[in-house]
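One structure is given below, encoded as structure tokens.
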Amino acid sequence: MQGSELKVKALEKISGEMEVPGDKSMSHRAAILAGISNGECRVSNFLPSEDCVNTLKAMESLGVKVDVLKSTEHGPVEMVIHGRKMELQEAADPIDCGNSGTGMRLLAGLLAAQPFRSELTGDASLSGRPMGRIIKPLAQMGAKIEGTGEKEGCAPLVIHGTDLESTTYEMPVASAQVKSAILLAGLFAKGKTTVVQPAETRNHTERMLAQFGVRTRRNGDAISVYGGQMPESTDLKVPGDFSSAAFWIVAAAAMNGSRLLIKNVGLNPTRTALMAVMLRMGAKIKDVVLTGSGDGEPAGNIEVQGGVLRGTEVKIEEVPNLIDEVPILAVAGALAQGRTVIRNAGELRVKETDRITTVVEGLRAMDVEVEEFEDGLEVVGGRKLKGARIDSFGDHRIAMAFAIAGLFAEGETVIENSDCIATSYPGFEEQIREIRRGGKK
Ligand code: S3P
């Protein structure tokens, strides 16, 4: 919503313990895979954010019955999803994916093989994001998908479901969304579908497929699935979202005297590269895996102590595994002594906003020295931040990254258009207020 504002002032230290809401990537996948499974799946700690609720609603509009068992003020967090044995039903209306690239791309893979017409729409941001990256490989499988938006290859997507053939596809960009769209389509195709990734991307789809008894094969950079495997119903517990925890990790690590325990966070190694980078920056972080083994998702606690950070260079292979954390990592760079360099991250230009530009503009508004590159940025840290008005441009991670920056700034920081935070992290504003009161002891 236009007009919403979040005001933040400096804080001396962060202490206590907290939990963050359920993982966004896993919640999307849980709604989809449970919805095509062969029975009842109880999903707990589902992320009640706009993005994930849109995907859940999408599955409902495709005939999936969902019994909500528990809701918070933000939305449903526990539910039984009644799987439709891989056979969905035509939606009466276009399916609104809201702001979510994950929702749209995964649903496109799923609907490519359903024997009916579907239309996927999104908000202005999503309608400008590239869908050719899924249309091309899915078309190679025989799918009939058209990007009918004003911008070429963009949403609304019109899908005429049809029988699919298996394929092998080498992804030109390291994208878990593209990989997942292909694997979901591959589940319905004849034979073995293989996707080759140029770099390691988050592997929640493969892990969750395994939890549903669907085997995927991994051979180096190639991941394959045989079509025709019916996902067997299972119960899922979604751990806290590491990408949400990242805001607090940076805040506590950069604030002297802080001591924060973040409980029940997903610690899948394809997601946690931010911690490796922060450790190189001198951060005092300890993570302990407490649950999850084999195919299940590892989860546990993260303990952070405040201290002094120094700049670092992000390695090329780390980029896909911290892609959503770049805005907050750039803020960490601004709070660190010396230079922090993030390159090879051109993908940021096609996220909810062009995150290279929105991060650079926001940092400059707070009086940080920063250089913009086509594929990243370089931040010179160490100077006291100045409070400023920062437009999120409707991008949740920009809003939150600069709200955290505001905790370190002189004067007041106002985040404009802060309502977008609800797309991934309902409750963030309340938690900022709670931390100001001294946190949970
Ligand atoms: C996601 C993958 C990433 C990430 C997004 C969620 C997913 O996108 O930025 O927030 O759930 O698969 P790409 O894989 O397209 O880079």
Side-chain angles (χ1 to χ4, degrees), residues 21-33 46-47 49-52 54-55 97-110 122 125-126 128-138 155 169 171-184 195-209 223 238-239 241-247 266 268 270-274 297 316-329 342 344-356 358-359 375 395-398 400-401 420-421 423-425:
D23 187 272
K24 178 157 80 79
S25 291
M26 289 184 225
S27 296
H28 282 294
R29 288 156 172 81
I32 291 173
L33 288 178
F46 185 85
L47 174 64
S49 76
E50 287 170 6
D51 278 9
C52 297
N54 277 332
T55 294
C97 302
N99 189 243
S100 177
T102 309
M104 183 171 281
R105 294 189 177 116
L106 270 57
L107 287 169
L110 177 74
S125 154
L126 184 54
R129 296 178 65 187
M131 292 297 145
R133 54 179 60 193
I134 51 141
I135 295 176
K136 189 173 172 216
L138 293 172
Y169 184 73
M171 288 194 291
V173 288
S175 165
Q177 294 179 0
V178 176
K179 170 176 70 177
S180 303
I182 298 169
L183 291 177
L184 283 172
V195 50
V196 184
Q197 47 184 6
E200 190 69 39
T201 64
R202 63 189 69 190
N203 62 6
H204 302 304
T205 301
E206 300 90 301
R207 282 186 189 256
M208 202 177 283
L209 281 170
I223 301 118
V238 179
D241 196 321
F242 180 84
S243 297
S244 298
F247 298 106
N268 180 324
T270 63
R271 290 287 298 283
T272 55
L274 173 87
E297 290 277 354
I316 185 167
E317 66 275 15
E318 289 170 335
V319 172
N321 297 331
L322 54 68
I323 195 73
D324 291 342
E325 284 67 72
V326 170
I328 190 61
L329 181 55
I342 306 166
N344 306 293
E347 268 299 292
L348 291 170
R349 296 210 181 268
V350 289
K351 294 293 179 188
E352 285 81 333
T353 56
D354 174 341
R355 284 187 179 155
I356 297 180
T358 43
V359 167
D375 68 342
D395 185 332
H396 53 127
R397 296 205 197 279
I398 297 300
M400 289 185 278
C420 56
I421 290 173
T423 59
S424 73
Y425 195 160

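In listed order, ligands and their atoms are each counted from 1. Here the structure is a predicted model, which is why all the values come from computation and not from measurement.
Among Arg355, Lys351, Glu352, the one residue that satisfies the side-chain contact (heavy atoms from CB on, under 4.5 Å) test with Arg397 is Arg355.
Heavy atoms of Arg202 found under 4.0 angstrom from ligand 1 belong exclusively to the side chain.
Distances shorter than 4.0 angstrom do not occur between any heavy atom of Lys179 and any atom of ligand 1. Residue contacts with ligand 1: Thr102 is included, with a non-hydrogen atom under 4.0 Å away. Residue contacts with ligand 1 include Lys24, since one or more of its heavy atoms lies under 4.0 Å from the ligand.
Checked against a 3.5 angstrom limit, the closest N/O atoms of Arg29 and ligand 1 fall inside it. In terms of polar-atom proximity, defined here as any N/O pair under 3.5 Å, Ala176 does make such a contact with ligand 1. In terms of polar-atom proximity, Ser25 is counted as a contact of ligand 1, with an N or O under 3.5 Å from an N or O of the ligand. Taking only nitrogen or oxygen atoms, main chain and side chain alike, Asp324 reaches within less than 3.5 Å of ligand 1. In terms of N/O distances under 3.5 Å, ligand 1 is not approached by Arg133.
Taken to the nearest 0.5 Å, the CD atom of Gln177 stands 9.5 Å off from the OG1 atom of Thr205. Rounded to the nearest 0.5 Å, atoms OG (Ser243) and CG (Leu274) are 9.0 Å apart. For the atom pair CD of Glu206 and NE2 of His204, the computed distance is 9.5 Å after rounding to the nearest 0.5 Å. Leu329 contributes atom CG, which lies 6.5 Å from atom CG of Leu322 (distance to the nearest 0.5 angstrom). Rounded to the nearest 0.5 angstrom, His28 NE2 and Leu47 CG are separated by 8.0 Å.
Atom 15 (O) of ligand 1 has Ser175 OG, 2.8 Å as its closest protein atom, hydrogens excluded (heavy atom only).
Nearest heavy atom pair, residue Leu126 against residue Ser100, reads CD2-O, 3.5 Å.
Under a 4.0 Å criterion applied to the non-hydrogen atoms of Ile323, ligand 1 contributes the atoms 9 (O). Contact atoms of ligand 1 toward Lys351: 3 (C), 4 (C), 8 (O), 9 (O), 13 (P), 15 (O), 16 (O) (distance under 4.0 Å to a heavy atom of the residue).
Between Asp324 and Arg271, none of the side-chain N atoms (NZ, or NE/NH1/NH2) sits under 4.0 Å from a carboxylate O, so this pair counts as no salt bridge.
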